[in-house]
There are 2 protein chains.
Amino acid sequence: MTATVGDARPAGPGRTRLHEAALRLFADHGVNGTSLQMIADEMGVTKAAVYHHYRTKEELVVGVVTPFLDRVSEVLEHARTRRGRRAQVETVLEGLVDLVVDARRMYVVTAVDPVIAHLHEHHPRMREVGGEMRELLAGPDAEPGRRVAVAFFLSGVIGPLADPTCGDVDDDALRAMVMDVGRQLLLPRRASRG
Amino acid sequence: MTATVGDARPAGPGRTRLHEAALRLFADHGVNGTSLQMIADEMGVTKAAVYHHYRTKEELVVGVVTPFLDRVSEVLEHARTRRGRRAQVETVLEGLVDLVVDARRMYVVTAVDPVIAHLHEHHPRMREVGGEMRELLAGPDAEPGRRVAVAFFLSGVIGPLADPTCGDVDDDALRAMVMDVGRQLLLPRRASRG
DNA sequence: GTCTATACGGAGATAGAC
DNA sequence: GTCTATCTCCGTATAGAC
């Protein structure tokens, strides 16, 4: 049994330091390639100290991902308050790109890591948030073409974040460029160009 | 000719079976999440039998990736025989999308796995092929916007392949849709930045 | 090419003192 | 909240027989 981590504690400073150290390493080596020993070393403590915060590695992973998941939830919630599909898509797009550029490393990890991919399938809240995002972006009963575009976009955003050839692009420029691509893919103009 | 692979053995049937089994598991669990024991079980043999083909796990990984790398090389070579940047980009696009749809699992692995990402940085031939592809798609001394688009595209293609909400889309449709997106991003009509 | 058997290290995890 | 010490299991890898 994999236990639901209804761990709603507010995450003190120690925990936050742990999250940050773990995240750095996850982004570099993947979750499976990162041992608790590595994390402990990164923080300058021992494994046992890490185990004080989480009972298992899996719970640690969930703990690291959760704050990011929360922010995505907020974006979706905000989008739902808007009227009209186009406005909703635009809002998700903006919020997501913002979030993703701001938390580069995190999104790379959450989007790409095999371990987290499994979590996406099995962890109830991740399934839920992922589903809601796709639904908001694609719309109900979307045609294949639309679903492909959405999947393409969600996966595409990580490219510029991870690609070394884009390392020189600063956050603001990146945000603008990715938004541009996102609009092209998900908000095609009806008749003419605007 | 598609260059030498460190290990230029012709890959008999046993080796090919091994590659396929390993690939299936890599795609599911990531390279680090796949033990040689799992691979052996998948093939119905023992670990020692696997070690008959490769001396280390890393060599196995390279062996699995190489055939795919060779096909990418062929695509690039073919593109270089064409005259004009647009024609070259179009050719790479077509070849790559074809290849990627045909070898879904493989591309997901090569594009996404943390272990292979490190290989991309350190393994000479992978560095080379990756660099050549970006150069062909982006052009020499490309501006940031173009580089972002290329990175976005290369990462975006894996989305529809991996996303469960696109599972019902058959290969031909997928190919067409992804090509469409690729042209939008990389071959803008009446290019303002070509 | 495949097997059995085994070496060795490092992984995740626990106990209990400070 | 952090430590030392320790457990167990499984990972990679090797030796040598069939």
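Heavy atoms only: backbone and side chains are in, while hydrogens, waters and symmetry mates are out. By convention in this document, chain letters (A, B, ...) are assigned in the order of the sequence lines, proteins followed by strands, and residues within each chain are numbered from 1.
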**With sequence neighbours excluded, residues passing salt bridge (charged side-chain N to carboxylate O under 4.0 Å, His left out) with A/R183** = A/E90
With a 3.5 Å cut-off and sequence neighbours excluded, list the donor-acceptor pairs that the side chains of residues 165-175 of chain A form with protein atoms.
residue, atom, partner, partner atom, Å
A/T165, OG1, A/D163, OD1, 2.7
A/D168, OD1, B/R147, NH1, 2.8
A/D168, OD2, B/R147, NH1, 3.3
A/D168, OD2, B/R147, NH2, 3.2
A/D170, OD1, A/D172, N, 3.1
A/D170, OD1, A/A173, N, 3.4
A/D171, OD1, A/R104, NH2, 2.9
A/D172, OD1, A/R175, NH2, 3.0

All N/O pairs under 3.5 Å across the protein-nucleotides 3-10 of chain D interface:
residue, atom, partner, partner atom, Å
D/dC3, OP2, A/T46, N, 2.6
D/dC3, OP2, A/T46, OG1, 2.9

**Item:** Selection residues 27-40 of chain A - residue pairs positive for side chain to side chain donor-acceptor pair (under 3.5 Å), sequence neighbours left out
**Value:** A/Q37-A/D41
I need the [atom1]-[atom2] distance between [X] and [N], as an integer number of Å.
X     : N      : atom1 : atom2 : result
A/M43 : D/dG1  : CE    : P     : 11 Å
A/L60 : C/dG12 : CG    : P     : 10 Å
A/Y51 : C/dT14 : OH    : P     : 7 Å
B/R55 : D/dA15 : CZ    : P     : 11 Å
A/Q37 : C/dG9  : CD    : C1'   : 13 Å
A/I39 : C/dA11 : CD1   : C1'   : 12 Å
B/L36 : D/dT14 : CG    : P     : 11 Å

**Item:** Candidates C/dT2, C/dA13, D/dT2 - which lies nearest the side chain of A/T56
**Value:** C/dA13
**Message:** Using five pairs at each end of the helix from C/dG1-D/dC18 to C/dC18-D/dG1 to define an axis, what is the angle between those two axes, to 10°?
**Reply:** 10°
**Asked** For A/R24, which residues count as a side chain to side chain donor-acceptor pair (under 3.5 Å) partner, sequence neighbours excluded?
**Response** A/E42
**Request:** Please collect all salt bridge (Lys or Arg N to Asp or Glu O under 4.0 Å) contacts where either partner lies in residues 107-129 of chain A, sequence neighbours excluded, each pair once.
**Result:** A/D70-A/R125
**Asked** What pairs with A/V157 under side chain to side chain contact (heavy atoms under 4.5 Å, CB included), at least two apart in sequence or on another chain?
**Response** A/V100, A/Y107, A/F153, A/V178
**Message:** How about CZ on B/R80, more than 12 heavy atoms from neighbouring residues, nucleotides or ligands closer than 6.0 Å, or not?
**Reply:** yes
**Request:** Would you mind listing every ring-ring contact (aromatic ring centres under 6.0 Å, His included) that reaches into residues 73-93 of chain B, with sequence neighbours excluded?
**Result:** none
**Message:** As a quick check of understanding, evaluate side-chain contact (heavy atoms from CB on, under 4.5 Å) for B/V64 and B/V31, giving each step before the final call.
**Reply:** CA-CA 11 Å; B/V64 168; B/V31 172; over 6 Å; no
